[in-house]
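Only one structure is covered here, and it is reproduced in the block below.
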Amino acid sequence: YIDGYFLSLTCFKLKRGEYNFAETFSRLLFVPHSQMRVRRLCPTSNLTSTFLLLQYWRQVYLVTVLAMILAVFFAQIHPHYLSKQWKQMRSLIFCSVAGYGLVPTVHWICITGGFSSELVQAFVPRVLGMYFIAALALIFYVSKVPERYFPGQLNYLGSSHQVWHLLLVLMFYWWHQTSGFLMAYRHSQPCPEGSFICS
């Protein structure tokens with residue numbers, strides 16, 4: 001993040017000079033955010049461990065996540081990305097990334113034995129908890145709730161953007177704990193020999 005702040009400061013200094021270069025440079029600052037957004041909503045570490053024995057599907061999902069990272073990157077460096085004309089496209093990109101995170105989960109539920117499986121019953125509430133925290137963060141970010149009711153009083157502490165960041169940190173911690181839970185479960189109950197599906 002220190003690199004990002006340094007680049008951001010450099011960009012603002014450059015805006016006094018060559019505007020086109022500074023504008024392009026500032027759009028490139030969003031690239032790490034786009035990669036984090038895709039990886040947050042489609043965590044690759046859990047794809048690798050969840051589809052441990054199903055190498056074909058693991059590769060399909062990992063390549064799709066890579067394609068989404070590239071698509072978000074190229075969309076964000078487009079000159080009209082932040083324009084009003086691209087508002088629907090930005091929303092579509094965000095919803096696609098968020099929605100795609102559920103595809104491997106639903107596939108995994110189906111191949112693991114459905115909701116009757118003990119692992120699914122333990123793991124799905126954790127996935128839903130992650131999406132709940134993400135939705136809550138998005139609601140704060142979009143609605144600008146605290147500063148809307150207290151204009152000018154939350155400029156330094158307590159703004160919706162700060163609440164959004166706190167909730168995202170909580171979501172990362174939640175997902176880290178979920179990954180640890182999944183790993184501990186897999187170590188305590190390894191996949192049967194010769195099996196293609198771990199339940």
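For clarity, every value in this text was computed on a predicted model and none was experimentally measured. Heavy atoms only: backbone and side chains are in, while hydrogens, waters and symmetry mates are out.
The residue from Gln85, His80, Lys87 that alone fulfils the side chain to side chain donor-acceptor pair (under 3.5 Å) condition with Ser83 is Gln85.
At distances below 3.5 Å, not a single donor-acceptor pair connects side-chain atoms of Ser159 with backbone N or O atoms of Asn155. At least one donor-acceptor pair closer than 3.5 Å links the side chain of Tyr131 to the backbone N or O of Ala98. Remark: side-chain polar atoms of Gln153 are not paired, donor with acceptor, to backbone N or O of Glu147 under 3.5 angstrom. A donor-acceptor pair is defined here as one N or O able to donate and one able to accept, closer than 3.5 Å; such a pair exists between the side chain of Arg148 and the backbone of Ser143. In this structure, Gln121 contributes its side chain and Glu118 its backbone to no donor-acceptor pair below 3.5 Å. Between the Trp174 side chain and the Gly129 main chain, no donor and acceptor come within less than 3.5 Å of each other. With Gln59 contributing its side chain and Gln55 its backbone, the two residues share no donor-acceptor pair below 3.5 Å. Between the side chain of Ser188 and the backbone N or O of Ala184, at least one donor-acceptor pair lies under 3.5 Å. For Gln76 (side chain) and Leu82 (main-chain N/O), no donor-acceptor pair under 3.5 Å exists by modelled atom type.
Taking hydrophobic clusters as Ile, Leu, Val, Met, Phe, Trp and Tyr residues chained together by side-chain heavy-atom distances below 4.5 Å, Met130 shares a cluster with Val103.
For His107, the ring pair (Phe, Tyr, Trp, His ring centres under 6.0 Å) partners two or more places apart in sequence, or in a different chain, are Phe51, Trp57, Tyr61.
Ring geometry for His161 versus Tyr141: interplanar angle of 30 to 60°, hence tilted.
Counted within 6.0 Å of CZ on Phe181, heavy atoms from surrounding residues, nucleotides or ligands total more than 12; the atom is thus considered enclosed.
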